[in-house]
Amino acid sequence: MLKIDGLCTYYGRVSVLKGVDLVVKKGEIVALLGANGAGKTTLLHTVSGLVPIASGSIWFEGRRLDGTKPHVRVERGIGHSPEGRQVFKPLSVEDNLRLGAYRRKDKQIRGDIDGIYDMFPVLGKMRARIASDLSGGQQQMLAIGRALMAKPKLLLLDEPSLGLAPLIIDQIFTVLQSLRTEGMTILVVEQNAAAALSVADRGYVLETGQIVHSGSGQGLLNDPTVQSAYLGV
Ligand code: ATP
């Protein structure tokens, strides 16, 4: 579904991604792991079109993606739940979800909002509250719900577990698994390698802009190098 070949990106003259190759197949959860500053967020931004690429290519469903505008990528099926959630704080929960569907013209939006409330019941209870009243975990659920409202084929998730209590992290990763069961494809950036690898079909480890390990979720969980660097074993 997504194929990234030889991707290089710079901020000014500083090289951030240095020849990244990565594949996400339809229906997979793929985890992208790595330390602070490795370039994980930058990689997601190149896929959703927020950061231009210097060289290499990005393909989505067999068609070239790089060079297209971010809103075109949303229409082609790329959904992005960004780092730090970035919900619209003065707006209600429901309006945040509605905004996720801003490029849609179909009549299913109401039903899909109710679907998000089924997935995250706490959001249903707080539908009229402004987003700044929500806890960090609830804002993360809202950010995921808002991205899903665009009806993406591929969901990009940046650090969904950041700053959240273990119980909430479990809840969010359980939702990711059920989304996968329903056919969603997910590329998730995480520093919580254990949580991400426990649900991921495959994973990649990015270090200073280069992929240094890749393999099945289970394989990476059992890899001694990954264990000592990212799992605190
Ligand atoms: P983190 O988990 O801290 O977000 P990351 O792996 O997602 O780390 P990036 O946020 O992609 O890493 O950052 C990669 C490198 O690029 C870092 O050295 C960062 O300081 C730098 N960087 C990120 N955004 C910018 C920017 N807008 N301008 C200049 N440098 C940037």
Side-chain angles (χ1 to χ4, degrees), residues 1-2 4 7 16-17 20-25 27-48 50-51 78-87 119-120 136-148 152 154-181 184-233:
M1 178 172 261
L2 179 75
I4 297 179
L7 182 65
V16 178
L17 298 178
V20 171
D21 296 323
L22 180 148
V23 166
V24 181
K25 295 180 202 149
E28 277 189 321
I29 296 183
V30 172
L32 180 62
L33 314 174
N36 261 334
K40 306 179 299 296
T41 295
T42 301
L43 189 132
L44 291 192
H45 283 176
T46 64
V47 177
S48 53
L50 302 175
V51 168
I78 310 274
H80 193 162
S81 172
E83 185 175 35
R85 294 135 203 170
Q86 298 185 27
V87 293
M119 193 181 299
F120 297 117
Q138 291 161 351
Q139 288 189 20
Q140 184 59 61
M141 294 171 195
L142 182 56
I144 295 172
R146 182 184 57 184
L148 291 173
L154 171 67
L155 181 61
L156 308 174
L157 280 177
D158 201 340
E159 302 264 12
S161 79
L162 194 69
L164 304 185
L167 205 65
I168 308 291
I169 297 176
D170 281 354
Q171 226 179 311
I172 286 175
F173 277 88
T174 303
V175 165
L176 298 191
Q177 279 177 303
S178 41
L179 283 171
R180 190 248 314 263
T181 309
M184 181 66 71
T185 308
I186 299 172
L187 175 58
V188 56
V189 156
E190 260 301 341
Q191 285 198 36
N192 186 338
L197 289 176
S198 62
V199 301
D201 298 288
R202 292 185 307 108
Y204 293 86
V205 180
L206 193 64
E207 261 178 37
T208 55
Q210 290 178 309
I211 302 288
V212 292
H213 298 285
S214 63
S216 68
Q218 205 54 46
L220 289 174
L221 269 177
N222 296 329
D223 182 316
T225 333
V226 174
Q227 284 181 342
S228 65
Y230 300 102
L231 297 166
V233 177

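FYI, the numbering just counts along the sequence from 1.
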Using the side chain to side chain contact (heavy atoms under 4.5 Å, CB included) definition, which of the options V199, L176, L154 pairs with I186?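 Going through the options one by one, the only one that passes is L176.
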Can you spot which of M1, M184, R202 makes a side chain to side chain contact (heavy atoms under 4.5 Å, CB included) with E28? R202
Just do the side-chain contact (heavy atoms from CB on, under 4.5 Å) check on L33 and H213 with the steps written out, would you? CA-CA 10 Å; L33 314 174; H213 298 285; over 6 Å; no
Treating [X] as the side-chain partner and [Y] as the backbone partner, does any N or O pair qualify as donor plus acceptor under 3.5 Å?
X    : Y    : value
K40  : A35  : yes
E190 : S161 : yes
Y204 : V23  : yes
Q227 : L221 : yes

Taking every heavy atom of I168 against every heavy atom of G137, the minimum-distance pair comes out as CG2-CA, 3.8 Å
Nearest non-hydrogen partners of P152 and L155, listed with the distance: CG-CD1, 4.5 Å
Partners passing salt bridge (Lys or Arg N to Asp or Glu O under 4.0 Å) against D201 (at least two apart in sequence or in another chain): R180
Derivation and outcome, side-chain contact (heavy atoms from CB on, under 4.5 Å), residues L179 and L148: CA-CA 10 Å; L179 283 171; L148 291 173; 4.0 Å; yes
Min side-chain heavy-atom separation [X]-[Y] under 4.5 Å:
X    : Y    : result
M119 : M141 : no
R85  : L142 : no
V47  : I4   : yes
V212 : T225 : no

List the steps, then state whether side-chain contact (heavy atoms from CB on, under 4.5 Å) holds for L206 with V189. CA-CA 10 Å; L206 193 64; V189 156; over 6 Å; no
What's the separation between atom [atom1] in [X] and atom [atom2] in [Y], rounded to the nearest 0.5 Å?
X    : Y    : atom1 : atom2 : answer
L32  : L43  : CG    : CG    : 6.0 Å
L44  : L50  : CG    : CG    : 9.5 Å
T41  : L156 : OG1   : CG    : 11.0 Å
I211 : D21  : CD1   : CG    : 8.0 Å
S214 : D223 : OG    : CG    : 10.0 Å
I144 : I172 : CD1   : CD1   : 5.0 Å

